[in-house]
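Structure record follows, encoded as structure tokens.
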Amino acid sequence: MIYMTKRLLQLLFLIIGLSVHAQQPCWVGTWACAPQTVDKTFMPYNNQMSDRSVRQIVKVSIGGSVIRLQLSNELSSEPLEITSVYIARAGVGSVIRQHSAKYLLFGKKRRVTVPAGKAVFSDALKFALHPLERVAITVNYLKAPKEPTVHMGSRTTSYVLRGVTNAHTDFSTAFKEDHWFNITALDVLDATASSIAILGNSITDGKGSITNAQNRWPDFLSAAWNGNAASGSSRTGRTGVLNLGIGNNRILTVGLGQPGKDRFDRDILGQRGLRAVVIFEAINDIGTSMNPDETARQLIEAYRQMARKARLRGLKVYMGTITPFRGCKVYFTEAREKARKTVNEWIRTTREIDGFIDFDALMRDPAAPDQLRREWHIGDWLHPNPAGYKEMGEYAAKKM
């Protein structure tokens with residue numbers, strides 16, 4: 001009897017220990033973007049960002065009381081020297097709520113140097129971050145690389161001033177540029193939340209959405225999952241939605257940004273608190289292919305490899321079917337349409353993933369299934385408009 005009592009007590013302590021361990025807070029992504037090399041044509045000041053302050057706006061998905069920021073210099077060949085970084089609740093345009101501003105520290109110091117080819121995280125910071133809120137991250141640059149690590153398609157306006165700024169600086173005369181500079185992730189410390197990371201191209205990055213309106217399809221997905229928490233409901237938002245789309249990105253070859261198969265480990269598997277990944281990319285591979293049959297074969301093999309990597313880490317894998325593009329003169333041919341259908345058939349039937357999001361079936365015109373619904377695209381027969389993105393985001397929310 002004494003032996004059985006001891007065994008029961010040991011088992012009880014083990015269960016309690018496992019329960020406590022399971023509830024330990026860990027870092028979970030609430031916002032992210034994919035780093036890419038700069039396109040000099042679109043950069044301000046001839047890429048001379050040294051001795052300037054850049055205020056950048058992001059919209060998070062889940063909230064938290066402790067945060068940290070990731071700064072990336074991964075695609076630059078020179079070190080990045082920063083005087084300070086502060087975060088605050090965003091107001092209208094460049095305005096911030098001054099009382100909310102707090103400086104982020106790096107190794108307990110405001111100043112940080114990010115070596116070429118590297119990324120760094122800030123120290124943990126107590127900051128009451130609300131679900132779905134907009135925050136302003138202001139970076140005071142001391143010395144910036146001539147070819148900085150950026151995200152070109154921010155679809156939000158950044159504000160640039162000369163010199164060092166603080167929470168009381170007036171940014172009303174700032175130069176405006178729709179890129180993100182060096183910021184690549186915002187995490188929250190949480191014991192119960194999780195995140196999903198989306199690999200995509202311009203359709204995920206949000207071409208056709210409205211600048212500063214936050215109406216890409218992942219934004220609508222995040223709102224569907226986390227909106228009750230933002231409105232004060234007792235049901236809290238618990239899934240971070242991380243948009244790692246890059247305009248003109250491809251799975252197999254170089255468009256803009258590194259190919260999807262090459263950036264998958266860093267941009268997707270490298271995110272924190274993941275429970276699932278979404279792969280929704282290939283339209284640029286197919287639309288530029290000179291050998292569509294071979295491209296379809298290579299895409300399927302690349303999908304298999306990425307799905308295998310994710311599932312080995314215990315993650316669920318979802319794939320989006322490729323949307324139609326008849327009418328897009330630079331992309332559409334009958335051979336490329338055949339390749340799109342081949343890829344979509346594999347996505348719908350494979351057992352190597354956990355599920356699929358049938359964006360093709362959702363977005364195609366019932367009367368002309370190889371083209372988008374007229375009311376849901378921007379006029380190029382390739383990119384959805386905000387109404388189309390809303391349909392996609394709310395549809396995806398029901399499929400995962």
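A quick note: this is a predicted structure, and the numbers were derived from the prediction, not measured.
The closest donor-acceptor contact from the side chain of Asn212 to the backbone of Thr157 lies under 3.5 Å. Of the possible polar contacts, none joining the Ser72 side chain to the Asn182 backbone as a donor-acceptor pair under 3.5 Å is found. Of the possible polar contacts, one joining the Gln56 side chain to the Phe181 backbone as a donor-acceptor pair under 3.5 Å is found.
For residues 194-216, no pair satisfies ring pair (Phe, Tyr, Trp, His ring centres under 6.0 Å), with sequence neighbours left out. Residue pairs meeting the salt bridge (Lys or Arg N to Asp or Glu O under 4.0 Å) criterion with at least one partner in residues 384-400, sequence neighbours excluded, are Lys390-Glu394. Residue pairs meeting the salt bridge (Lys or Arg N to Asp or Glu O under 4.0 Å) criterion with at least one member in residues 267-277, sequence neighbours excluded: Asp187-Arg272, Arg263-Asp267. Residue pairs meeting the salt bridge (Lys or Arg N to Asp or Glu O under 4.0 Å) criterion with at least one member in residues 192-216, sequence neighbours excluded: Arg155-Asp205, Arg216-Asp219. Screening residues 360-371 for side chain to side chain donor-acceptor pair (under 3.5 Å), with sequence neighbours left out, gives Arg326-Asp370, Arg340-Asp360, Arg348-Asp360, Asp360-Arg364. Within the structure, salt bridge (Lys or Arg N to Asp or Glu O under 4.0 Å) pairs that include any residue of residues 125-135 comprise Arg89-Glu133 (at least two apart or interchain).
Asn140 and Tyr86 are not linked by any side-chain donor-acceptor pair at a separation below 3.5 angstrom, with hydrogens and angles left out of the test. Side-chain contact annotation: Ser172 with Asp170, donor-acceptor N/O pair under 3.5 Å present. A donor-acceptor contact under 3.5 angstrom links the side chains of Trp180 and Thr156, judged on distance only. Defined by atom type and a distance below 3.5 Å, a donor-acceptor pair is missing between the side-chain atoms of Glu78 and Ser76. Checked by atom type, the side-chain pair Gln70/Thr184 shows a donor-acceptor distance below 3.5 Å.
Partners of Glu294 under the salt bridge (charged side-chain N to carboxylate O under 4.0 Å, His left out) rule, at least two apart in sequence or in another chain, are Arg297. For the salt bridge (charged side-chain N to carboxylate O under 4.0 Å, His left out) test, no residue two or more places apart in sequence or in another chain qualifies with Glu301. With sequence neighbours excluded, no residue forms a ring pair (Phe, Tyr, Trp, His ring centres under 6.0 Å) with Tyr141. When the side-chain contact (heavy atoms from CB on, under 4.5 Å) test is applied to Asn385, the partners found at least two apart in sequence or on another chain are Trp376, Ile378, Ala387.
Classified by interplanar angle (parallel below 30°, tilted 30° to 60°, perpendicular above 60°), the ring pair Tyr395/Phe359 is tilted.
With side-chain heavy atoms closer than 4.5 Å counting as contact, directly or through intermediates, the hydrophobic cluster containing Val66 also holds Trp27, Leu189.
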Report all side-chain donor-acceptor pairs from residues 108-122 shorter than 3.5 Å, counting only partners two or more places apart or in another chain.
{"residue": "Ser122", "atom": "OG", "partner": "Leu69", "partner atom": "N", "Å": "3.0"}

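The shortest side-chain heavy-atom distance between Leu252 and Leu299 falls under the 4.5 Å cut-off. The shortest side-chain heavy-atom distance between Thr37 and Thr149 does not fall under the 4.5 Å cut-off.
When each of Thr83, Thr138, Thr165 is paired with Ser53, the side-chain hydrogen bond (donor to acceptor under 3.5 Å, both in side chains) condition holds for Thr165 and for no other.
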